[in-house]
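These numbers come from a predicted model, not from an experiment.
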Amino acid sequence: MSAVYLLLLLLPLVSAQTYHWGPCPDPKVQPNFNLQQYLGKWYEIEKLPASFERGKCIEANYAVRKDTDSIKTREPAKLGVGFSYFAPYGSYWVVTTDYTSMTVVYSCTDILRLFHFDYAWILGRSRFLPAQTVRNAKDLLIQEGIDLSKMKATDQTGCKDN
């Protein structure tokens, strides 16, 4: 399959994604990552557009799936995340976290090393983070070579907590 044909097939997804030519970048991730401290509820503060994620009041409650084996990697902050039993795992790299208030996450899908789709999230343990915390998170992603020109704030106003 030619790269041009593949690109045409993916064109409908491209408009809702952030894509760039070349392979995925390889940002540094959280050293000494502790999965147990990370698990639980996180609220989306800002993100790069993703076709699978739209709307307001976006949150995630991370847990270890019981049907998976514990796989140890050289970099524990490089995780796989699945949103259903039927969907394949996607990369989920914790660039930084303090575990209690904020985290910065990066993911990338590489297409034949010709181009890639970037995903990035700034998440908080509460629906809102101080502006300086968000700025610091963005600065970190930019330092790691991630283009944030399409990053958007998530509307967390008027949301109901369970």
Side-chain angles (χ1 to χ4, degrees), residues 7 10-31 33-35 37-65 75-111 115-162:
L7 185 58
L10 294 172
L11 202 54
L13 295 175
V14 169
S15 64
Q17 306 294 141
T18 303
Y19 76 96
H20 299 283
W21 293 106
C24 289
D26 189 21
K28 294 181 202 99
V29 293
Q30 175 81 23
F33 180 73
N34 183 316
L35 179 61
Q37 283 184 277
Y38 190 81
L39 299 175
K41 189 178 283 191
W42 290 96
Y43 298 95
E44 185 179 275
I45 306 301
E46 293 200 19
K47 70 170 175 233
L48 288 177
S51 61
F52 54 84
E53 192 177 62
R54 296 193 176 141
K56 61 180 275 180
C57 302
I58 297 173
E59 61 186 67
N61 194 1
Y62 295 112
V64 176
R65 280 181 33 174
E75 295 185 79
K78 290 186 175 182
L79 305 170
V81 67
F83 294 101
S84 79
Y85 286 102
F86 306 107
Y89 282 107
S91 65
Y92 184 98
W93 295 2
V94 180
V95 176
T96 190
T97 186
D98 66 4
Y99 303 101
T100 60
S101 65
M102 64 78 63
T103 189
V104 177
V105 178
Y106 178 73
S107 179
C108 188
T109 300
D110 191 309
I111 309 296
F115 64 95
H116 63 275
F117 295 99
D118 280 317
Y119 307 92
W121 296 268
I122 299 169
L123 307 175
R125 290 289 190 187
S126 62
R127 291 194 185 275
F128 303 96
L129 288 177
Q132 187 59 48
T133 301
V134 174
R135 181 74 250 153
N136 292 344
K138 287 180 172 182
D139 288 346
L140 177 61
L141 287 167
I142 291 167
Q143 289 169 11
E144 291 297 328
I146 312 302
D147 177 7
L148 300 183
S149 61
K150 293 184 179 180
M151 187 164 254
K152 302 277 190 238
T154 300
D155 185 357
Q156 292 285 358
T157 59
C159 305
K160 294 181 181 181
D161 287 316
N162 297 338

Exercise for review: Answer yes or no: is there an ion pair linking Lys78 with Asp26, defined by an N-O contact shorter than 4.0 Å?
Suggested key: yes
Review point. Can you find a heavy atom in the side chain of Tyr106 that is under 4.5 Å from one in the side chain of Asp118?
Key: yes
Review point. Which heavy-atom pair separates Pro27 from Trp93 by the least distance, and what is that distance?
Key: CD-CZ3, 3.7 Å
Review point. So, does Ser91 use its side chain to make a donor-acceptor pair with the main chain of Ser107 at under 3.5 Å?
Key: no
Review point. So, Arg125 side chain and Tyr99 main chain: donor-acceptor pair closer than 3.5 Å or not?
Key: yes
Practice item. Classify the ring geometry between Tyr92 and Trp121 as parallel (under 30°), tilted (30 to 60°) or perpendicular (over 60°). Key: parallel
**Study point:** Spacing of Asn34 atom CG and Leu39 atom CG [to the nearest 0.5 Å]
**Key:** 8.5 Å
Exercise for review: Measure the spacing between NZ of Lys47 and CE of Met151 and express it to the nearest 0.5 Å.
Suggested key: 10.0 Å
**Study point:** Under 3.5 Å donor-acceptor, His20 side chain and His116 backbone
**Key:** no
Practice item. Give the minimum heavy-atom separation between Val94 and Leu79, together with the two atoms involved. Key: CG2-CD1, 4.2 Å
**Study point:** Polar side-chain atom of Gln30 near backbone of Thr97 as donor-acceptor pair, under 3.5 Å
**Key:** yes
Point to revise | Distance-only side-chain donor-acceptor flag, Asn136 / Gln132, under 3.5 Å | key: yes
Exercise for review: Could you grab the distance from atom OH of Tyr43 to atom CG of Asn61, nearest 0.5 Å is fine?
Suggested key: 9.0 Å
Practice item. In sequence, state the C-alpha distance, the side-chain angles, and the governing distance for Thr109 and Tyr119, and then conclude on side chain to side chain contact (heavy atoms under 4.5 Å, CB included). Key: CA-CA 8 Å; Thr109 300; Tyr119 307 92; 3.7 Å; yes
Check your understanding: Is there a side-chain contact between Ile146 and Pro25 (heavy atoms, below 4.5 Å)?
Key -> yes
Point to revise | Minimal non-hydrogen separation, Ala120 against Leu141, with atom names | key: CB-CD1, 4.1 Å
Check your understanding: Hey, does Thr157 have a side-chain heavy atom less than 4.5 Å from the side chain of Phe128?
Key -> yes
Practice item. Step by step, work out the side chain to side chain contact (heavy atoms under 4.5 Å, CB included) result for Arg127 and Cys57. Key: CA-CA 8 Å; Arg127 291 194 185 275; Cys57 302; 4.1 Å; yes
Practice item. With rounding to the nearest 0.5 Å, note down the distance linking CG in Leu140 to OG1 in Thr96. Key: 6.0 Å
Check your understanding: Where do Cys159 and Asp155 come nearest, in terms of heavy atoms and distance?
Key -> SG-O, 4.3 Å
Revision key, fill the gap. Heavy-atom nearest pair, Tyr62 first then Trp42, reads CD1-CD1, 3.5 Å
Practice item. Please determine which of Ile58, Ile45, Val105, Thr154 meets the side-chain contact (heavy atoms from CB on, under 4.5 Å) test together with Leu123. Key: Val105
Revision key, fill the gap. Smallest heavy-atom separation, Leu148 atom then Ile142 atom, equals CD1-CG1, 3.8 Å
Review point. Does a sphere of radius 6.0 Å around NZ in Lys56 hold more than 12 heavy atoms from other residues, nucleotides or ligands, not counting ones at 6.0 Å or beyond?
Key: yes
